Asker: 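After the structure tokens below, expect a handful of questions from me.
Just the heavy atoms: all of them, side chains too, but no hydrogens, waters or symmetry mates, feed the values below. Values in this document were obtained by computation on a predicted structure and should not be read as measured data.
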Amino acid sequence: MTISGVALLAICTLLGSLLGDLLGVALGVKANVGGVGIAMMFLIAARLWLVRWGLLSRGLNTGVEFWGSFYIPIVVAMAAQQNVVAAAKGGPIVVIAGAGAVAVCFAMVALIGRFSGPVETMDEIEAREAFEASVPHFKSGRIA
């Protein structure tokens with residue numbers, strides 16, 4: 001049922017919120033630190049676990065996909081609640097930390113891209129699949 005997907009999201013949200021609050025306390029910040037992101041990682045992990053064990057029903061998948069599509073608007077709305085101007089006035093360390101995090105993310109994307117090797121584009125995948133579908137007796141790169 002679709003409601004099961006919503007229940008799974010609710011459980012992940014509660015766990016993410018709890019861990020975000022605990023992380024905030026550990027860092028000495030009076031705020032939830034990364035609760036929504038943690039919740040979405042739990043949701044992704046739960047979905048992968050359900051797929052692996054064959055427990056992901058159509059309704060459950062529909063509920064997870066429905067709420068997963070709201071992830072970006074939810075993050076934007078939560079970020080809008082943060083007082084960025086007040087945080088920046090608190091000192092330059094906030095700006096340095098933000099710029100550093102962005103720089104590290106850019107560097108990691110470049111590093112992963114460099115070491116991942118050649119990757120097929122969507123056009124190449126579609127062309128290969130069309131070729132495989134059009135050639136009779138085509139199996140694993142060889143014509144049988």
Side-chain angles (χ1 to χ4, degrees), residues 1-135 138-142:
M1 289 175 29
T2 304
I3 195 73
S4 300
V6 176
L8 180 62
L9 177 75
I11 292 167
C12 292
T13 302
L14 289 173
L15 288 173
S17 180
L18 176 68
L19 287 176
D21 288 339
L22 291 175
L23 186 58
V25 169
L27 294 173
V29 179
K30 294 180 182 177
N32 183 314
V33 178
V36 173
I38 294 169
M40 287 299 129
M41 286 190 285
F42 278 143
L43 185 62
I44 291 167
R47 185 177 177 280
L48 290 174
W49 184 83
L50 289 170
V51 167
R52 177 172 290 169
W53 291 100
L55 300 173
L56 189 65
S57 67
R58 189 177 194 298
L60 182 62
N61 191 37
T62 302
V64 170
E65 285 178 358
F66 174 75
W67 286 106
S69 66
F70 283 113
Y71 174 67
I72 299 297
I74 289 171
V75 170
V76 169
M78 290 185 74
Q81 294 177 358
Q82 304 292 326
N83 193 344
V84 177
V85 176
K89 286 181 181 177
I93 193 69
V94 174
V95 176
I96 293 168
V102 170
V104 167
C105 287
F106 283 158
M108 292 308 294
V109 167
L111 190 65
I112 291 169
R114 182 167 304 258
F115 289 118
S116 66
V119 179
E120 276 187 308
T121 64
M122 237 7 242
D123 291 335
E124 292 169 339
I125 293 170
E126 289 172 356
R128 179 178 41 81
E129 289 175 350
F131 174 74
E132 289 173 359
S134 66
V135 176
F138 186 83
K139 290 191 178 192
S140 66
R142 292 182 293 227

Asker: Closest heavy-atom contact between E120 and E124?
Answerer: CA-OE1, 3.2 Å
Asker: First locate atom CG of D21, then atom CD1 of I38, and finally report the distance between them rounded to the nearest 0.5 Å.
Answerer: 9.5 Å
Asker: T13 side chain to L9 main-chain N or O, any donor-acceptor pair under 3.5 Å?
Answerer: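 Yes; judged by distance alone, with no hydrogens or angles, the pair exists.
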Asker: If you look at every heavy atom in A39 and C12, which pair is closest and at what distance?
Answerer: CB-O, 3.3 Å
Asker: Salt bridge or not between E132 and R128? Use side-chain N to carboxylate O under 4.0 Å.
Answerer: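 Judged by the 4.0 Å cut-off on N to carboxylate O distance, E132 and R128 do form a salt bridge.
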Asker: Within this structure, what is the CG-CG distance for the pair L23 and L18, rounded to the nearest 0.5 Å?
Answerer: 11.0 Å
